[in-house]
A.B. asks: 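Okay, here's the structure, questions in a sec.
We name chains A, B, ... by the order of the sequence lines, and we start the count at 1 in each one.
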Protein chains: 6
Amino acid sequence: MKIKVINPNTMWEMTKGIENAAKSVARPDTQIVAVSPQMGPASIESYYDEYLCIPGVLEEIKKGEEEGVDAFVIACWGDPGLQAAREVTDKPVVGIAEASVYLASMLAARFSVVTVLPRIKTMLEELVDSYGVSKRVLNIRTTPMCVLDFERDPEAGMEMLRQEGKKAVEEDQAEAILLGCAGMAEFANNLEKELGVPVIDGVVAAVKFAESIVDLGKKTSKLKTYKYPEKKSFVGALEKFGKSQSTFK
Amino acid sequence: MKIKVINPNTMWEMTKGIENAAKSVARPDTQIVAVSPQMGPASIESYYDEYLCIPGVLEEIKKGEEEGVDAFVIACWGDPGLQAAREVTDKPVVGIAEASVYLASMLAARFSVVTVLPRIKTMLEELVDSYGVSKRVLNIRTTPMCVLDFERDPEAGMEMLRQEGKKAVEEDQAEAILLGCAGMAEFANNLEKELGVPVIDGVVAAVKFAESIVDLGKKTSKLKTYKYPEKKSFVGALEKFGKSQSTFK
Amino acid sequence: MKIKVINPNTMWEMTKGIENAAKSVARPDTQIVAVSPQMGPASIESYYDEYLCIPGVLEEIKKGEEEGVDAFVIACWGDPGLQAAREVTDKPVVGIAEASVYLASMLAARFSVVTVLPRIKTMLEELVDSYGVSKRVLNIRTTPMCVLDFERDPEAGMEMLRQEGKKAVEEDQAEAILLGCAGMAEFANNLEKELGVPVIDGVVAAVKFAESIVDLGKKTSKLKTYKYPEKKSFVGALEKFGKSQSTFK
Amino acid sequence: MKIKVINPNTMWEMTKGIENAAKSVARPDTQIVAVSPQMGPASIESYYDEYLCIPGVLEEIKKGEEEGVDAFVIACWGDPGLQAAREVTDKPVVGIAEASVYLASMLAARFSVVTVLPRIKTMLEELVDSYGVSKRVLNIRTTPMCVLDFERDPEAGMEMLRQEGKKAVEEDQAEAILLGCAGMAEFANNLEKELGVPVIDGVVAAVKFAESIVDLGKKTSKLKTYKYPEKKSFVGALEKFGKSQSTFK
Amino acid sequence: MKIKVINPNTMWEMTKGIENAAKSVARPDTQIVAVSPQMGPASIESYYDEYLCIPGVLEEIKKGEEEGVDAFVIACWGDPGLQAAREVTDKPVVGIAEASVYLASMLAARFSVVTVLPRIKTMLEELVDSYGVSKRVLNIRTTPMCVLDFERDPEAGMEMLRQEGKKAVEEDQAEAILLGCAGMAEFANNLEKELGVPVIDGVVAAVKFAESIVDLGKKTSKLKTYKYPEKKSFVGALEKFGKSQSTFK
Amino acid sequence: MKIKVINPNTMWEMTKGIENAAKSVARPDTQIVAVSPQMGPASIESYYDEYLCIPGVLEEIKKGEEEGVDAFVIACWGDPGLQAAREVTDKPVVGIAEASVYLASMLAARFSVVTVLPRIKTMLEELVDSYGVSKRVLNIRTTPMCVLDFERDPEAGMEMLRQEGKKAVEEDQAEAILLGCAGMAEFANNLEKELGVPVIDGVVAAVKFAESIVDLGKKTSKLKTYKYPEKKSFVGALEKFGKSQSTFK
């Protein structure tokens with residue numbers, strides 16, 4: 001099967017790391033295609049970035065339909081555009097935040113998230129609330145490091161995660177740690193060994209869930225909320241999002 | 001004062017109606033500027049449309065900064081991009097769904113929403129939940145008419161709202177009716193007379209709230225969640241969203 | 001238009017301060033009438049005070065009907081008797097706690113309240129919960145100062161608010177501060193300058209919302225919950241609350 | 001022990017019925033004193049009535065302190081003034097709505113309430129929500145009969161309760177019925193026989209809980225929320241509520 | 001009347017203490033029968049223990065039916081098997097956690113629980129949540145002492161409760177303390193004197209509630225959720241749980 | 001890898017069907033071992049059955065440790081004993097209700113459950129609430145058929161599911177159907193074809209999730225809530241549950 005992993009950040013170094021993580025857990029017969037969108041922000045650290053990465057993500061979903069993709073993963077811990085993606089295709093689409101909280105809920109009673117800048121704390125609070133796991137989330141720990149910082153200086157990134165992870169275990173009494181950014185995938189295994197609790201990277205979780213859903217032959221429900229978008233014209237720089245709708249079933 | 005009312009739908013006839021509604025309640029010294037974005041969908045009836053209208057909305061917010069605008073209204077009952085808009089400017093930004101539920105809460109103990117297509121019901125449920133008013137909302141009533149239908153055939157639109165409004169009062173025991181689409185503004189007054197309960201159009205509510213906030217000299221908090229977006233590069237069709245960030249303070 | 005601002009505390013010095021705050025934001029054509037009830041406690045710092053100020057508040061609402069009042073503001077941060085007031089008149093009635101949390105929600109993602117004595121914390125927790133904003137309220141900070149203390153020694157009051165406000169910003173990471181007592185109106189502007197986040201006084205917020213609702217021609221729904229009270233006899237010191245019901249429509 | 005049952009309605013016929021119900025379950029060594037306040041509405045069917053019965057209720061609580069009362073029951077299914085009553089005395093105070101929902105929760109997984117006029121539905125919804133049992137309450141069924149109607153025509157009252165009770169069992173699948181008005185106490189036993197599920201009158205439940213709490217030697221916590229009210233002056237018709245505070249410890 | 005108090009822990013010393021507590025508050029005409037089950041764990045400090053004590057508890061309930069018992073108390077602060085117990089008999093069954101939170105809610109606005117090992121914190125969080133009192137519970141304080149430790153070294157136990165109780169009052173601002181283990185019953189009175197707030201032992205609370213329910217002549221609803229179990233065969237070591245079902249009505 | 005699927009019902013015909021379902025989706029290199037416990041009820045249709053199947057389930061988990069099992073599935077839609085199972089082993093344990101709601105949440109915005117007898121509705125409501133998906137669950141539809149009926153007369157079972165499934169789609173507007181009993185696995189595929197929305201059998205979902213978690217090398221967190229049970233003695237028919245604890249790490 002073919003799984004397309006879309007990194008909504010248009011920073012290719014990061015996409016490479018995500019691809020590696022995805023491939024490290026994919027089954028031999030699963031083909032991983034990791035891409036960044038053709039439009040949008042280098043990294044996502046605000047509602048502004050979050051919303052502006054979505055057009056590019058949706059474009060990649062639609063292209064994926066033509067590329068014979070069996071399932072999609074949206075690899076940013078805000079699950080940007082997830083519901084819209086489910087409208088655009090009937091193939092399963094899995095967000096990494098969603099996959100993280102479901103996986104964590106099967107392994108630990110209570111957990112904490114460690115993520116990038118303080119400003120996204122509200123966004124992640126609302127996200128975990130929408131997934132119904134607020135009572136399981138003890139804390140959303142932010143760091144002074146932005147997405148790019150983790151790319152540029154992985155050693156400092158690892159040290160930061162180590163510190164916050166320890167505080168999560170000791171102060172929050174977190175029984176698992178969720179890495180709240182797709183760019184942290186590479187640190188998960190070492191961190192888990194050091195901290196002694198499950199450390200969950202959403203990229204690998206989402207890939208395995210996507211494989212599972214394809215194996216089960218399940219598709220997104222097209223009955224109501226996730227019907228294909230209504231056909232209509234679009235104007236300006238996004239004009240093609242109207243045109244390309246001709247591909248909607 | 002100058003209030004910019006942004007209709008996220010790129011259908012100009014609709015924007016004209018919204019402008020009329022806004023002007024009908026604005027104070028003499030309030031200048032209403034009603035616009036549609038330069039990019040995006042003709043109308044908004046899905047998550048797809050919702051997310052794809054946001055770049056155009058944010059562009060209008062940023063232009064508004066240069067135009068000396070004092071406050072913004074986002075005139076679509078999904079409040080698309082509201083949090084991002086609050087990052088982009090420190091001027092108050094009011095969403096019409098938000099304004100509707102707060103106004104309704106001050107006038108009625110329980111109420112129902114009447115809106116367009118069934119597919120957006122989930123989206124509106126999550127929205128009213130995020131505003132903390134789920135217990136006040138008795139029902140979200142959808143109709144088989146899309147946004148454009150209400151523009152094309154206002155008579156049929158009025159008849160549809162009349163029917164659903166009556167059911168809301170009689171079956172739901174709704175004590176107020178919220179019109180869940182900016183394109184329904186023109187029907188509010190007649191409907192209120194017929195139904196005998198407050199019928200709330202979010203456009204006029206949001207304009208008055210925006211005037212109030214400007215009068216109070218209040219601005220959006222820039223401490224954390226709504227800080228100006230982080231500076232970074234954007235690629236592709238949305239490249240200018242990076243460039244124009246130079247205007248961020 | 002005429003807006004009657006009712007300070008449920010029967011301490012006239014405080015009412016004068018509230019009147020000044022209200023007038024400072026009212027439009028030129030808005031007449032502010034600020035009163036204290038003819039019966040009830042000097043100040044409100046318990047459920048006991050809260051409930052015992054309500055008869056006097058309701059009396060003022062009913063008198064307001066004869067005085068040609070267009071809207072009412074209840075100026076105590078417990079919104080005492082708000083639902084009953086909405087039964088007694090069809091003119092809009094706005095509570096200052098309610099106005100505060102709705103205004104704050106349009107300006108900041110998360111906020112804290114600073115108020116008087118520790119004993120009212122539970123009361124305010126239940127109040128903000130009833131308005132659906134519990135998740136936005138990071139903390140309800142109490143002080144050792146009672147309502148009268150703030151009147152008697154404004155300098156000490158300002159210092160106390162400054163201290164708690166700073167803690168709210170630094171420890172709670174509050175993005176706005178809500179002043180949880182009508183007697184704190186005078187401190188709002190200076191505090192906002194010092195703290196660098198919106199500081200919200202409910203009196204001015206409520207006045208502007210009341211003006212807005214009158215401008216929109218909206219009245220309280222009389223369909224069910226807020227119908228005029230049932231006619232019946234009252235006995236004892238409250239006998240006239242039965243008699244005066246003859247004025248109910 | 002002496003338990004004072006306060007019927008917040010100033011309708012003495014009703015108080016007599018409540019007294020009978022209370023005595024029917026009280027232990028031989030429990031003295032029941034049933035009173036109506038000296039001030040307030042004949043019956044309670046709105047927020048207006050609810051708030052205006054509270055001064056009279058609080059007066060009876062304070063008199064009870066001098067009368068050597070061991071515990072109090074507030075016998076109206078809105079539990080009017082309950083928290084204030086807990087401030088005024090350190091003797092246990094039990095509300096009949098509260099007692100009903102706790103008793104019902106120990107006997108049935110899900111239940112419905114049957115009460116008087118439709119207008120109080122919102123009030124009771126908020127009440128059961130504040131007691132944390134919203135998920136257990138399947139329905140709050142109102143009737144076209146007011147409190148006085150049940151007094152004047154008990155036969156019609158019984159028939160109405162029978163009908164709504166049956167619907168509760170058959171349509172709501174209610175496993176117990178809560179009688180949402182103190183004036184319905186007399187119907188409980190017959191109704192239970194007819195319906196085959198527990199029918200819960202709050203008066204008898206509250207009396208037994210009050211006896212239990214006295215037996216356990218427990219008193220209301222005076223640490224914070226329920227401290228005695230702050231001393232202060234009161235004006236007008238409620239002046240004595242300040243004076244009588246001299247009795248507060 | 002005869003009340004059977006079942007200590008789900010099979011540690012007889014503990015059962016003796018529970019019996020003493022129960023008898024200390026029972027009315028003269030109430031016969032207390034305190035037992036430990038014939039099968040199950042010595043003490044309960046995990047989900048494992050919790051579930052494995054239930055067969056023994058249910059066996060005691062069924063035996064109680066033949067012994068002419070009028071009501072049952074399950075004396076472990078996890079209320080193990082409570083819903084199943086309500087299926088097995090129509091006599092009232094009261095759990096001590098349930099009784100504790102309802103009693104506490106009638107005496108204090110906010111409270112904390114003090115219990116045994118940290119590992120059961122999640123279990124108790126879910127429990128108080130299921131009883132609808134999460135917002136009233138400020139903290140669930142655990143100790144390094146297991147159930148047996150409290151039996152073996154009561155002095156150390158009392159000291160531990162004293163310390164955590166003080167922290168609950170001072171740090172949590174708890175207005176009452178709930179003892180989260182049946183084995184702590186003996187400490188309640190002294191602790192209450194020292195701490196100055198109600199200290200609630202669930203055993204005595206449940207006994208009084210059970211007496212009350214019997215006095216009221218109420219039985220568990222057999223309409224739906226708590227119907228007698230369906231008849232069917234059981235295998236293995238639990239075979240008799242099928243056989244004995246012949247006694248189900 | 002070896003996955004042990006435990007059917008908590010001791011009805012072997014049903015276990016055979018569950019085994020078939022599990023094998024139909026397992027990967028070629030996954031060995032499925034399907035068992036029923038050595039003790040407990042033939043089927044599970046009450047809290048009584050639910051709790052009494054747990055000892056047998058836990059025994060199978062412990063045996064699984066010695067059998068070199070890599071992951072466990074608990075195949076009953078109440079997820080009986082799931083938390084205790086996570087204490088007993090550090091291998092992943094997945095419940096089929098849990099797997100169903102997480103899978104459904106990734107495919108559909110809103111869904112309904114169809115299950116066996118009406119009496120278990122409350123149990124399932126509490127279950128889906130504990131998984132945080134109450135707002136996604138439109139209805140829990142029960143049928144007059146018990147677990148055994150579905151085994152004995154699969155044709156009638158299919159017809160019943162067809163009817164309720166249609167009502168779920170048409171009346172509830174359910175976008176997916178969850179089969180609320182492990183014995184319904186065999187009907188899922190045909191039902192999905194007929195209804196046109198995803199029909200989710202928890203057995204296959206849980207098997208795929210278990211495979212995923214093993215692939216990811218994740219184990220249950222042993223930090224706090226799910227630590228191995230405390231060592232202690234057990235008495236009576238369950239004595240070996242103490243002895244066998246010697247195997248706990």
A.B. asks: Which answer fits E192(C), side chain, backbone, both or neither, if we ask what part of it has an atom under 4.5 Å from a heavy atom of chain B?
C.D. replies: side chain
A.B. asks: List the steps, then state whether side-chain contact (heavy atoms from CB on, under 4.5 Å) holds for R27(C) with R27(B).
C.D. replies: CA-CA 10 Å; R27(C) 297 182 339 216; R27(B) 297 188 332 221; 3.3 Å; yes
A.B. asks: Non-hydrogen atoms of chain B under 4.5 Å away: do they reach the side chain of Y131(C), the backbone, both or neither?
C.D. replies: both
A.B. asks: How about N189(C): does its CG atom have over 12 heavy atoms from other parts shown lying under 6.0 Å from it?
C.D. replies: no
A.B. asks: Under 4.5 Å from any heavy atom of chain B, what part of V93(C) do you find: side chain, backbone, both or neither?
C.D. replies: backbone
A.B. asks: Can you check whether L107(B) reaches S221(C) side chain to side chain, under 4.5 Å on heavy atoms?
C.D. replies: no
A.B. asks: Considering only heavy atoms, which portion of A104(B) lies under 4.5 Å from any heavy atom of chain C: side chain, backbone, both, or neither?
C.D. replies: neither
A.B. asks: Ignoring hydrogens and geometry, is there a side-chain-to-backbone donor-acceptor pair from R86(C) to M106(B) under 3.5 Å?
C.D. replies: yes
A.B. asks: Distance-only, no hydrogens or angles: does the E175(B) side chain make a donor-acceptor pair with backbone N or O of T225(C) under 3.5 Å?
C.D. replies: yes
A.B. asks: Top residue by heavy-atom pair count (under 4.5 Å) with chain B, among G132(C), G95(C), A176(C), G196(C)?
C.D. replies: G132(C)
A.B. asks: Please report the shortest heavy-atom distance between S105(B) and Y102(C), naming the atom on each side.
C.D. replies: CB-OH, 3.2 Å
A.B. asks: What are the two closest non-hydrogen atoms of L223(B) and A174(C), and how far apart are they?
C.D. replies: CD2-O, 3.1 Å
A.B. asks: What pair of heavy atoms forms the shortest contact from A205(B) to L216(C), and how long is it?
C.D. replies: CA-CD1, 4.0 Å
A.B. asks: Who among E211(B), R110(B), K219(B) has the most heavy-atom pairs with chain C under 4.5 Å?
C.D. replies: K219(B)
A.B. asks: Using a 6.0 Å cut-off, check whether atom CG of D172(B) has over 12 heavy atoms from anything other than its own residue.
C.D. replies: yes
A.B. asks: Who among Q173(B), K222(B), Q83(B), K135(B) has the most heavy-atom pairs with chain C under 4.5 Å?
C.D. replies: Q173(B)
A.B. asks: Spell out, as yes or no, whether a donor-acceptor pair under 3.5 Å connects the side chain of K218(C) to the backbone of V199(B).
C.D. replies: yes
A.B. asks: Tell me, for V94(C) versus chain B, whether the close heavy atoms (under 4.5 Å) come from the side chain, the backbone, both or neither.
C.D. replies: side chain
A.B. asks: Give the minimum heavy-atom separation between R136(B) and S130(C), together with the two atoms involved.
C.D. replies: NH2-O, 3.7 Å
